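Let me begin by presenting the structure, written as structure tokens, before commenting on it.
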Amino acid sequence: MAKTALSELRVVELGGFIAAPYCAKLMADMGAEVIKVEESGKGDPARRYGPFPKDDPHPERSLLFAYLNTNKQGITLDVKSTLGKKLFKELLRDADVLVESNPPKLMKRLGLDYKSLSGINPRLIVTSITPFGQTGPYRDYKGTNLISWHIGGIGYTTPGEVEDPDNHPPLKAPGHQADVMAGITGASATMFALMARDFTGRGQHVDVSEQEPLVTAIAASVISYTNRGETPTRIAGMGRGVGSRKPVQAKDGYYTIQPHRSETAWQSTVKAMGYPEWAALEIFKDRQSRRENMDAILPLIEEWSRDYTREELYQILQVENHVPCLPMNTMEEVLAHRHYAERGTFVEMNHPQIGTFRAPGPPYSFSATPWRIERPAPTLGQHNKNVICARLGYSEEDIRATYGGAGGEAPAGGLGVSPRYSIPPLSCRRGGQGARYVCPWRG
Amino acid sequence: MDKLPLDGVRVADFTQVVQGPYATQMLAQMGAEVIKIETESRNQDEARNSAGFARLNCSKRSMTLNLKDPRGLEVAKSLVKISDIVIENFATGVMERLGLGYEALRKVKPDIIMVSSTGLGSTGTFKDAIALYAEVQNFAGLSNLTGYKNGRPGMVGAMWADHLTGMLLVFAMVTALRHRNSTGEGQYIQACMAENVIAAMPELVLDCSVNGRDAGPQENGDIAMAPHGVYRSQGFDKWVAIAVTNEKEWSAFCKATGHTEWAKDERFADPVSRWHHQEELDRLITQWTLQRTDYEAMHILQKVGVPAGPILDGAGLANDPHLNERGCYIPLGEMEGGPYVHVVQPFRLSDVPQPFYKLVPPIGEDNSYVLGELLGMSEAEITRLAKDKVLS
């Protein structure tokens with residue numbers, strides 16, 4: 001077993017879909033013991049959300065779930081039931097961190113708010129990742145990745161400046177990157193709380209609002225307004241813009257280029273193109289005029305670059321003339337790219353129900369305590385026996401006697417040893433076959 | 001608590017532009033002593049005196065050092081000797097060429113934690129490519145999934161790759177620090193912005209690696225939810241985002257908008273059918289949203305439990321009551337002849353009510369502190385270094 005950086009850390013996760021699982025995943029991948037708590041019969045919403053292999057929905061074959069929950073152990077508990085809550089609290093007694101993403105009101109109602117949990121274990125750090133955080137007027141408002149992304153301010157600047165605003169709305173980033181960023185932020189903040197605990201011996205409540213990591217990232221726009229009263233606009237020609245990197249066409253796809261960035265960038269670009277006549281035009285004479293006439297420059301460059309592939313352009317512009325230029329790869333190209341292959345960017349993951357699949361590997365390399373894959377994502381309730389018996393000290397007879405049911409199965413609302421899915425997954429892509437299902441991704 | 005979480009931690013910060021400075025600013029605000037190593041030629045750059053520079057470099061110390069001078073390198077090594085973390089984001093190989101690579105630095109300080117972060121990584125065919133956020137997002141496949149259907153690719157805003165990587169580096173650095181504290185072992189962390197971007201969209205990677213599907217531009221849609229999008233509201237270029245995630249929310253949505261007939265319409269009767277008819281549905285919803293401001297629409301829908309929110313620009317964010325009440329902004333003096341309002345770290349710690357916020361220092365402000373107090377040089381020595389342009 002490889003040496004890991006967080007092997008001493010015990011984490012419990014009570015929160016589904018992406019943000020909280022991503023947060024706990026970062027810790028699990030560095031060696032923390034993460035026990036993921038899912039609701040009996042339902043499981044994490046990510047189990048019902050694709051992509052699924054061949055678009056065939058199955059709660060144990062969600063690729064998103066498999067990726068986000070690798071290296072974790074999974075148990076089923078209904079924390080709304082007396083029994084489930086009791087076991088959950090016992091689990092927290094010797095845990096270091098609880099990562100959760102439930103509505104603040106719900107946690108309070110269940111008696112699982114920070115204050116109550118701190119009473120059970122004063123060293124416990126509770127990391128709450130919610131759409132709007134624990135305070136402020138919107139704290140009880142609901143959110144999703146889409147809402148967070150846009151109310152966080154980056155949507156306004158994506159995909160860049162537009163000419164026809166009515167028909168070109170602000171866009172979200174592909175996938176669920178507001179959720180992901182909230183997870184990363186939660187993990188970073190949790191590490192600070194752990195460092196603080198080394199001083200004080202006590203835990204604390206870490207409050208992450210999904211909106212805020214986006215606001216911090218777009219702080220330049222906020223500051224532009226508070227400092228100069230000027231808000232960068234996404235509408236082309238209406239004032240100082242939000243920034244734009246217009247794609248330029250090559251023979252086999254697109255790339256971007258910024259010849260107006262500096263005098264050197266311009267000279268190098270002109271040289272790379274073999275000193276075309278238009279480059280000497282008065283309207284391109286200095287940095288200021290080039291900036292103003294970018295819309296004229298790019299089509300002229302495009303006329304030239306259409307004859308070259310993106311790799312040829314990389315050679316001519318970047319390698320020979322130091323002009324930043326890289327191909328816009330499609331996802332297929334990314335997966336097949338020699339650069340990523342040489343680096344080992346993608347790894348093979350094995351999952352008993354999915355088989356082997358290629359997934360993104362470590363986002364960083366640690367020389368002494370590497371990122372590693374220890375176990376596949378848990379099937380629903382897979383580690384019930386391990387955790388409830390081995391960790392909490394109940395015998396199998398206890399489980400049967402207390403929670404009833406033959407063969408260790410428990411009634412709904414208690415402890416489920418084997419999974420019973422009450423809500424099957426859904427795939428809209430299968431032409432309506434999912435029609436009888438009620439719930440896309442949330443209970 | 002009286003102390004901050006990273007009290008007693010010192011960071012030698014060689015980073016520039018966005019990702020590195022963003023990461024070290026988080027450490028500085030949490031109490032680490034971050035010493036930003038700069039060169040004076042950059043002082044002439046008006047960018048250093050801008051609010052844009054300040055937002056990434058508050059709470060740090062600044063020292064100037066000429067790394068092309070052998071004595072400058074010696075000072076750098078002395079600083080590393082009394083630091084816990086060294087972080088840099090030069091092009092691949094620059095630190096090694098300066099004699100400040102990990103192998104050299106661990107000889108100076110065996111338990112040092114060193115972080116190198118580059119656009120495309122330090123290995124692989126493209127390791128030497130100049131790659132800022134735009135090139136990184138292009139090369140990682142992000143741009144091709146951004147943009148409008150049937151249009152050209154687009155760019156995710158806010159120098160996204162930088163901020164994503166910066167926040168990951170924070171996690172990585174504190175993780176390594178904890179490991180060192182318990183084992184005495186330092187290490188070398190290498191990050192690659194493009195790989196961080198790839199790992200932030202796993203579902204799109206997996207759909208392609210397993211199903212061979214290249215999803216194309218995503219716009220504001222979802223693979224299972226409808227309605228799920230942004231809708232024009234009252235006013236010029238104003239929009240509200242709405243996401244209906246389940247049947248309970250769908251019926252609440254129809255009631256709150258006064259369109260109970262939508263719930264009965266067979267095109268919209270169940271999630272799959274709604275998903276297949278989302279364009280018609282979106283047209284109908286826009287007729288409702290256009291009659292309201294973005295904030296009105298949010299409050300009406302949120303009151304009945306439907307996720308919704310306005311699309312905010314810079315002014316919208318600065319004025320948003322929620323962000324203000326949560327203390328996201330704090331005034332820190334003046335920059336460029338106007339007030340400088342700092343956007344704080346995106347998390348709150350209940351036991352750390354007052355993180356460390358201090359306006360960005362003038363370049364080289366802490367030269368005497370670092371050389372004199374920390375490294376024990378005499379005033380005469382410092383003056384000589386300054387005169388010989390070692391501190392420039």
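Computed from a prediction, not measured in an experiment: that's the story for all the values here. Residue numbering restarts at 1 for every chain, and letters A, B, ... go by the order of the sequence lines.
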(message) Given A:Thr135, which partner from the list B:Arg348, B:Arg326, B:Glu325 fulfils the side-chain hydrogen bond (donor to acceptor under 3.5 Å, both in side chains) test?
(response)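 Result: among B:Arg348, B:Arg326, B:Glu325, B:Arg326 is the only option passing the side-chain hydrogen bond (donor to acceptor under 3.5 Å, both in side chains) with A:Thr135.
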Where on [X] is there a heavy atom nearer than 4.5 Å to chain B: the side chain, the backbone, both, or neither?
X: A:Ile354; value: neither
X: A:Gln318; value: side chain
X: A:Glu333; value: neither

Output the option from [options] having the highest count of non-hydrogen pairs under 4.5 Å with chain A.
options: B:Val352, B:Asn324, B:Asp320; value: B:Asp320
options: B:Ala140, B:Gly316, B:Ala176; value: B:Ala140
options: B:Asp214, B:Leu145, B:Val136; value: B:Asp214
options: B:Phe347, B:Tyr188, B:Trp239; value: B:Trp239
options: B:Val240, B:Asp128, B:Asn144, B:Thr146; value: B:Asn144
options: B:Gln218, B:Lys3, B:Met201; value: B:Lys3

(request) Look at the rings of A:Tyr138 and B:His322 and say which category their plane angle falls in: under 30° parallel, 30 to 60° tilted, over 60° perpendicular. (result)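 Parallel.
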(request) Check the angle between the aromatic planes of A:His339 and B:Phe139 and answer parallel, tilted or perpendicular using the 30° and 60° thresholds. (result)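 The rings of A:His339 and B:Phe139 stand perpendicular, inter-plane angle above 60°.
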I'd like to verify something: which residue of [options] has the highest number of heavy-atom pairs under 4.5 Å with chain B?
options: A:Leu68, A:Leu335, A:Val208, A:Thr127; value: A:Leu335
options: A:Gly160, A:Pro169, A:Ala5; value: A:Pro169
options: A:Arg139, A:Gln177, A:Glu230, A:Arg358; value: A:Gln177
options: A:Leu64, A:Asp166, A:Val334, A:Val215; value: A:Asp166

When you compare the side chain of [Y] with that of [X], does any pair of heavy atoms fall below 4.5 Å?
X: B:Val306; Y: A:Lys142; answer: no
X: B:Tyr329; Y: A:Thr226; answer: no
X: A:Phe132; Y: B:Gln302; answer: yes
X: A:Thr158; Y: B:Trp160; answer: no
X: A:Tyr156; Y: B:Leu317; answer: no
X: A:Ile151; Y: B:Met298; answer: yes
X: A:Lys3; Y: B:Thr183; answer: no
X: A:Met191; Y: B:Met173; answer: no

(request) Begin from the C-alpha positions of B:Glu195 and A:Arg343 and carry the test side chain to side chain contact (heavy atoms under 4.5 Å, CB included) through to its verdict. (result) CA-CA 10 Å; B:Glu195 284 166 359; A:Arg343 286 185 52 74; 2.8 Å; yes
(message) Using a 3.5 Å distance criterion without hydrogens, assess whether the side chain of B:Asn211 forms a donor-acceptor pair with backbone atoms of A:Phe52.
(response)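 Yes: the side chain of B:Asn211 pairs with the backbone of A:Phe52.
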Proximal component of [X], with respect to chain A [non-hydrogen, under 4.5 Å]:
X: B:Met30; result: side chain
X: B:Val210; result: side chain
X: B:Asp162; result: neither
X: B:Leu56; result: neither

(message) Salt bridge check, A:Arg234 against B:Asp313: does any charged N sit closer than 4.0 Å to a carboxylate O?
(response)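 The answer is no: the pair does not qualify as a salt bridge.
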(request) Using a strict 4.0 Å threshold on nitrogen-to-oxygen distance, state whether B:Arg178 and A:Glu8 make a salt bridge. (result)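 So B:Arg178 does not pair with A:Glu8 through a salt bridge.
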(message) Can you confirm if the aromatic rings of A:His337 and B:Phe126 lie within a centre distance of less than 6.0 Å?
(response)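 B:Phe126 vs A:His337: aromatic centres under 6.0 Å.
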